[in-house]
There are 2 protein chains.
Amino acid sequence: MEKEISQAVIGRLPRYFRFLGELKDQGVERISSQELSRLMHVTASQIRQDFNHFGGFGQQGYGYNVEYLYTAIGRILGLDRKHHLIIIGAGNLGQALANYMNFERRGFLFTGIFDINEALHGRRIRGIQVRPMEEMQDFIRENDIDIAVLTIPKDGAVATAEKLVEAGIKAIWNFAHVDLDVPDDVQVENVHLSDSLFRLSYMANRYEKQKKAAPRDDR
Amino acid sequence: MEKEISQAVIGRLPRYFRFLGELKDQGVERISSQELSRLMHVTASQIRQDFNHFGGFGQQGYGYNVEYLYTAIGRILGLDRKHHLIIIGAGNLGQALANYMNFERRGFLFTGIFDINEALHGRRIRGIQVRPMEEMQDFIRENDIDIAVLTIPKDGAVATAEKLVEAGIKAIWNFAHVDLDVPDDVQVENVHLSDSLFRLSYMANRYEKQKKAAPRDDR
């Protein structure tokens with residue numbers, strides 16, 4: 001059913017899902033691509049094109065059924081099934097992610113957390129015990145884990161990713177400040193926080209300069 | 001000096017900066033676009049094109065001076081000056097970001113943190129006291145704050161962003177699960193963690209399906 005889909009379209013799907021979820025919560029039953037376009041600041045033709053990748057989802061001139069579209073995109077995103085997730089690194093970020101209940105609501109079940117620091121072993125985070133790194137591979141194999149979240153410093157991240165792959169992990173959510181080299185059948189989604197902060201810094205900086213250079217130019 | 005630069009190029013700059021920083025730490029003095037290309041999995045012609053936006057940075061056939069390039073890109077990213085940063089929300093994520101020392105090293109000074117929860121007021125995070133939200137606007141005006149980090153739930157985020165803008169903030173690093181509507185002169189960089197996790201879920205899911213549909217098709 002699905003054709004080859006570009007990274008750009010995939011990148012936009014979670015945002016559609018989020019907006020449709022809000023519409024659904026507000027009791028909206030139908031929405032036209034024009035209305036959705038205004039709400040999301042995306043052109044209506046972009047929306048129609050994106051949805052066409054997945055068979056359309058709606059009747060022209062009649063608008064989309066919000067509930068149906070929400071469920072369909074959720075299914076495409078793999079949110080109609082449960083995922084078992086482990087977190088590597090029980091530092092501040094690891095704990096923040098473990099405590100983020102919203103993921104659980106979407107079927108991402110926080111199942112285990114591992115740390116190199118002995119002082120943390122046995123401590124519980126949302127009822128889940130922090131375990132030593134040495135137990136990670138067996139835990140993955142025994143608990144049907146499909147997603148690993150890497151929140152450790154970059155120095156250990158590459159070697160740990162190799163161990164994850166060895167144990168059968170096919171999806172890594174990488175917060176370590178390093179690009180991972182993994183086999184083709186392993187998916188990596190990077191959240192490089194510094195890169196993101198630097199982009200913001202660039203944009204703010206650039207705007208400042210433009211303003212100084214041409215104070216009356218409002219673009 | 002700088003021409004109009006596309007979002008795609010800007011998006012790549014922090015990654016160049018990161019790789020060059022590592023090369024510098026390893027004592028590498030010069031690197032050709034071919035070598036950098038192999039390292040970063042980006043084509044050499046892409047690298048040359050990107051750098052041409054900023055005046056080139058190197059002699060053809062001779063390679064780039066790593067230190068010079070690192071410093072130049074850092075300057076473009078606005079990392080040659082200090083930024084004063086406040087965090088809104090002293091929950092797990094706010095604390096994780098406050099404790100992330102690497103930002104400080106790059107000139108992003110953690111200056112204040114605010115929360116709606118009275119129980120947290122007065123508590124110190126890296127020596128900085130958690131303050132009530134009511135003090136936020138005065139604090140921004142009195143302490144020359146240029147970046148605000150939003151780590152609160154989406155319900156309060158839109159109203160809080162308006163207050164930030166009112167107080168003069170021009171750069172918002174937004175972790176709240178909502179798109180902010182701000183004036184054109186305010187820069188927003190979103191880190192939508194759920195969107196990121198859903199993309200990973202999509203890719204992993206899709207790969208599974210392909211494998212089942214065509215177990216011998218290795219593309």
Atom CG in A:L97, atom CG in B:L93: separation rounded to 0.5 Å?
-> 7.5 Å
A:F103 side chain reached by B:L193 side chain, heavy atoms, under 4.5 Å = yes
Mind checking the CZ-CD spacing from B:F198 to A:E189? Nearest 0.5 Å is all I need.
-> 12.0 Å
Which members of residues 15-23 of chain B, sorted by number, sit under 4.5 angstrom from chain A on a heavy-atom basis?
-> B:R15, B:F17, B:R18, B:F19, B:E22
Sorted by chain and residue number, the side-chain hydrogen bond (donor to acceptor under 3.5 Å, both in side chains) partners of B:E67 (sequence neighbours excluded) come out as none
Pick one of side chain, backbone, both or neither for A:I172, based on which atoms fall under 4.5 Å of a heavy atom in chain B.
-> backbone
Would you check if A:H41 and B:D179 make a side-chain contact, meaning some heavy-atom pair closer than 4.5 Å?
-> no
If you round to the nearest 0.5 Å, how far is CG of A:L13 from OG of B:S201?
-> 11.0 Å
Using non-hydrogen atoms and a 4.5 Å limit, figure out which bit of B:V188 sits close to chain A: side chain, backbone, both or neither.
-> backbone
With a 4.5 Å heavy-atom cut-off, do A:L197 and B:R106 have their side chains touching?
-> no
Side-chain contact, heavy-atom cut-off 4.5 Å: B:P14 with A:H192?
-> no
Can you say whether B:H177 sits under 4.5 Å from chain A via the side chain, the backbone, both, or neither, judging by heavy atoms?
-> both
Output the distance between atom CZ (A:F175) and atom OG (B:S196), rounded to the nearest 0.5 Å.
-> 6.0 Å
For chain A, which residues of residues 145-160 of chain B have at least one non-hydrogen atom nearer than 4.5 Å to it?
-> B:I147, B:K154
Distance col, row B:N190:CG vs A:L200:CG, nearest 0.5 angstrom, shows 10.0 Å
side-chain hydrogen bond (donor to acceptor under 3.5 Å, both in side chains) involving A:Q49 - partner list, sequence neighbours excluded = none
When A:V178, A:D185, A:L85 are compared by non-hydrogen pairs under 4.5 Å with chain B, the top option = A:D185
Looking at CG of B:N205 and CZ of A:R75, how far apart are the two atoms once the value is rounded to the nearest 0.5 Å?
-> 11.0 Å
